[in-house]
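Just so we're on the same page: letters track the sequence lines, and every chain starts at 1.
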Amino acid sequence: MNMKKIIKPVLSILLALLVGAIVIAVVGENPLDIYRSMLVGAFGSKSAVAGTLVKTTTMIFVGLSYGFAYKCGLVNIGIEGQLYMGGLLSALAAIYVELPAPIHIPLCLIAGFAGGAIWGAIAGWLKNRFNASEMITTVMMNYIATYFVAFMVNGPIKEKDGTYPQSERILDSARFPTLVPGTQLTIGILIAIIAVVLYIIYWKKTAGGFEMSVVGSSERVAAYAGIPVKRMIITSMLISGGLGGLAGAAEVLGVQFKIMDGLSSGYGFDGIAVSLLGNNSGIGIMLSSLLFGALRYGGNAIQMFTSLPIAVIYILQALVILFVVVDVFRMERRK
Amino acid sequence: MADMLELRNISKLYGRNYANKNISLTVKSGEVHCLLGENGAGKSTLMNVLYGLTKPDSGEIFIDGSEVSILSPRDAIRYGIGMVHQHFMLIPAMTVVDNIILSMDESSGLILNQKKIAKRIREIAGKYGFEVDPFMKVSDLSVGQQQRVEIIKAIYHDCRLLILDEPTAVLTPRETEELYAIIERFRKENKSVIFISHKLHEVMHVSDVISVLRNGECIATLNKEETDEASLAACMVGKEVSFTVEKEKAHPGEAVLEVSGLSTKGKKGNLAVDDLSLTVHSGEIYGVAGVDGNGQAELIETITGLVKSESGKVRILGHDMTNRTPGEILDQGISHIPADRQSTGILMHESLEKNLTLYDYRNPEYRKGIFMDWKKAKKQAEDMVEKYGVKTPGLSLNIEYLSGGNQQKAVVARELEKKPELLIAAHPTRGVDIGAIEFIHGEIVKARDQGCAVLLISTELDEIMALSDRIGVIYDGRIIGEMDREEATVEKIGMLMAGMEENERKAV
Ligand SMILES: Nc1ncnc2c1ncn2[C@@H]1O[C@H](COP(=O)(O)OP(=O)(O)OP(=O)(O)O)[C@@H](O)[C@H]1O
Ligand SMILES: [Mg+2]
């Protein structure tokens with residue numbers, strides 16, 4: 001049973017790399033060279049590793065976000081929007097509130113969590129109140145969030161003396177301290193790991209996690225067992241959204257140091273892939289975040305040093321997911 | 001002539017336990033062959049092997065004397081085998097026709113003629129003496145009707161051997177009679193039936209030959225003439241079984257459950273429960289007799305808070321619990337053995353342990369603040385498995401892999417071990433073997449003697465008569481007659497179940 005859980009994603013990754021190699025060959029490059037330079041790009045130097053871990057940080061938050069809702073039987077496609085709202089609120093707190101760093105950073109994190117949480121909870125409420133599928137509402141709310149942020153950085157919070165649609169830089173007291181001097185790596189990765197630990201504890205050890213997981217397995221049985229299904233749904237969307245918001249906060253406080261139009265390049269959707277590959281488990285999400293972080297960061301290197309388009313990286317990501325989802329090895333069938 | 005079917009030395013191992021061990025069996029044309037055995041004896045497994053759903057570890061299957069390999073239900077259908085599963089395999093959201101189409105081979109052509117298929121369905125139904133609307137959604141059919149769709153599916157594919165896995169567990173007495181007629185018709189057409197049941201009188205009624213399985217082995221094959229119910233029971237369980245429930249006279253205390261003037265809407269918008277009143281006292285078993293579909297399900301769901309009532313009151317232990325949340329109602333000390341265990345009572349794809357500890361999150365004994373004491377919960381789950389004889393290789397096995405009867409035992413164990421003030425038990429022994437029925441009945445009586453109020457809902461008159469201290473008959477959403485057990489007779493209740501009220505009966 002447990003072996004299967006590990007073998008399946010690993011085989012999916014290998015198979016994706018194999019098919020990816022064919023794609024690369026078709027485009028006219030040597031797959032081995034490309035994979036080698038990706039590996040070097042992702043792990044070849046201190047700064048490469050740091051860059052990969054920075055991407056991993058964001059991946060962990062979005063992966064946890066998707067997994068948290070999924071375990072309660074919900075499909076949160078709105079992580080992108082939650083990320084933007086979280087990013088916006090944390091940026092506001094980081095730019096306009098003056099505090100010493102030990103208080104300022106937690107405050108900005110809370111603001112980021114709250115921004116995403118509100119956005120997620122609205123979808124939960126709509127589901128409870130009007131039976132509106134969260135799959136649809138969250139997608140719609142992505143648009144609202146991204147355009148709202150675009151509006152904000154083009155007007156109300158646009159930097160005073162600049163031409164780009166972006167906010168002022170955040171105050172130094174709100175910036176994540178660097179972990180390894182001379183690299184981009186900040187305490188963001190530590191916060192992400194803490195989130196993973198809390199995620200594991202919640203689902204494995206707490207009564208709330210148990211209740212929520214029963215709702216995820218069957219709402220009918222949950223109601224029968226006295227579990228307040230609606231409350232669980234809204235709570236789950238709230239926390240899932242909050243985790244998405246933290247991804248935005250981590251980008252603002254640890255990577256961009258401001259908020260702008262293109263804060264996320266589709267990270268919200270990567271969350272689905274990360275969580276799926278990691279089987280929604282804390283450890284699984286952490287490992288697959290590392291993989292996707294490496295793909296993203298190593299992908300940059302390819303783009304810089306070869307003629308291969310970045311699209312190849314997306315194809316690789318998509319292939320991994322495809323092989324996980326279609327269960328090529330028929331592991332679930334016929335006992 | 002060769003036998004229609006011969007199974008030779010079929011074995012199937014799950015982990016370290018044999019579900020089937022060297023089972024050999026022959027079925028002749030025109031023979032009704034019963035399989036008998038305790039829960040988990042391996043009956044369903046053997047039939048799944050025959051139907052191509054389970055791959056045996058060893059053994060051969062012969063049809064009309066020649067060896068065949070059945071690797072999927074498609075193969076089985078091709079050899080003329082049809083199966084009605086213990087848990088139906090229809091897709092509820094689809095119509096009858098669509099479900100039949102789903103079961104067809106690709107080779108039946110790309111273009112499907114729904115009308116033609118519907119006509120054929122009507123023909124088959126007509127021939128076997130029942131009615132089915134091919135364009136009804138399966139979810140709108142009663143359980144008995146759904147079963148007939150399964151049978152039609154088998155006949156549609158020209159089956160010569162029909163496997164019925166516990167077909168009567170969910171049927172009303174009348175539907176059971178109708179099923180007998182279908183079986184009889186099969187026999188006349190020189191077709192064969194394999195029939196699985198825990199009810200010995202049924203087995204003695206329909207079968208020609210009876211095979212008894214115990215712990216995965218076939219320990220006896222008998223002709224009906226050379227045996228009787230008592231010796232079958234003894235053979236199956238390995239010891240004498242008592243068929244009567246031993247209980248003292250009840251000493252009812254104060255009212256625990258008071259339902260007054262309760263009305264609840266059903267699925268179709270009509271009043272499924274209609275101005276219904278009843279009272280259950282502590283220390284008594286109140287049996288609700290009635291044909292399935294007369295509001296029993298809605299009554300239970302309203303009492304337990306799963307659906308809201310239109311009007312009327314539900315009081316539990318003196319507190320008004322009308323339309324409160326299921327959680328609040330559970331906290332009054334209520335246990336509920338649901339009628340449809342698979343969709344309401346258990347999480348099919350979760351472990352036995354999780355299913356047995358479903359309520360521990362509410363119980364301070366198993367919590368330390370927000371954290372669960374899973375160690376303690378597991379210990380409790382182990383005790384339940386032991387005490388109720390749930391046959392399983394371990395607690396971590398998904399409950400879907402337990403035999404049907406053992407799933408039921410798990411639900412009963414969980415509900416009774418809560419030591420409730422009020423037990424609502426719908427068909428508590430559905431699908432469990434006679435030994436386990438004896439045990440579960442004993443436990444329910446024990447709970448009563450400790451002061452628990454029991455609301456028993458059952459379509460089995462035998463069970464109502466054996467357990468109840470007071471009996472109410474439900475018809476069309478109301479209790480139309482109520483009596484003490486001493487006054488009750490099968491005839492009297494039967495009349496009421498058919499909807500004849502007391503005064504009408506006197507007039508007759
Ligand atoms: N997939 C599986 N994995 C592990 N064990 C299994 C699996 N399927 C069945 N078993 C075990 O095989 C045994 C036989 O089960 P089976 O369903 O054949 O019993 P049965 O005779 O039909 O019982 P019942 O009368 O309760 O329906 C049981 O102990 C069951 O737990
Ligand atoms: Mg069975």
Does any heavy atom of chain A fall under 4.5 Å from the side chain of [X], the backbone, both, or neither of them?
{"X": "B:Ile329", "answer": "neither"}
{"X": "B:Gln342", "answer": "neither"}
{"X": "B:Ser343", "answer": "both"}
{"X": "B:Leu306", "answer": "side chain"}
{"X": "B:Asn355", "answer": "neither"}
{"X": "B:Thr304", "answer": "neither"}
{"X": "B:Leu330", "answer": "side chain"}
{"X": "B:Arg324", "answer": "neither"}
{"X": "B:Tyr359", "answer": "side chain"}

Verify the neighbour count for atom CZ of B:Arg362: are there more than 12 heavy atoms of other residues, nucleotides or ligands below 6.0 Å?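 Counting neighbours around CZ of B:Arg362, more than 12 heavy atoms of other residues, nucleotides or ligands fall under 6.0 Å, so yes.
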
Atom NZ of residue position B:Lys265 - does it have more than 12 heavy atoms of other residues, nucleotides or ligands inside 6.0 Å? no

Is chain B contacted by the side chain of A:Ile227, its backbone, both, or neither, given a heavy-atom distance below 4.5 Å? both

Would A:Val214 and B:Leu358 count as a side chain to side chain contact (heavy atoms under 4.5 Å, CB included) if you check the C-alpha gap in whole Å, the side-chain angles of each, and the deciding distance to 0.1 Å? CA-CA 8 Å; A:Val214 174; B:Leu358 189 62; 4.0 Å; yes

Answer key: most heavy-atom pairs under 4.5 Å with chain A among B:Arg367, B:His336, B:Glu328 is B:His336

Salt bridge flag under 4.0 Å for residues B:Asp373 and A:Lys205: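 No, this pair does not count.
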
Got A:Tyr224 and B:Pro326 here, is their nearest side-chain heavy-atom distance under 4.5 Å? no

Regarding B:Lys354 and A:Ser213, is there a side-chain donor-to-acceptor distance under 3.5 Å anywhere? yes

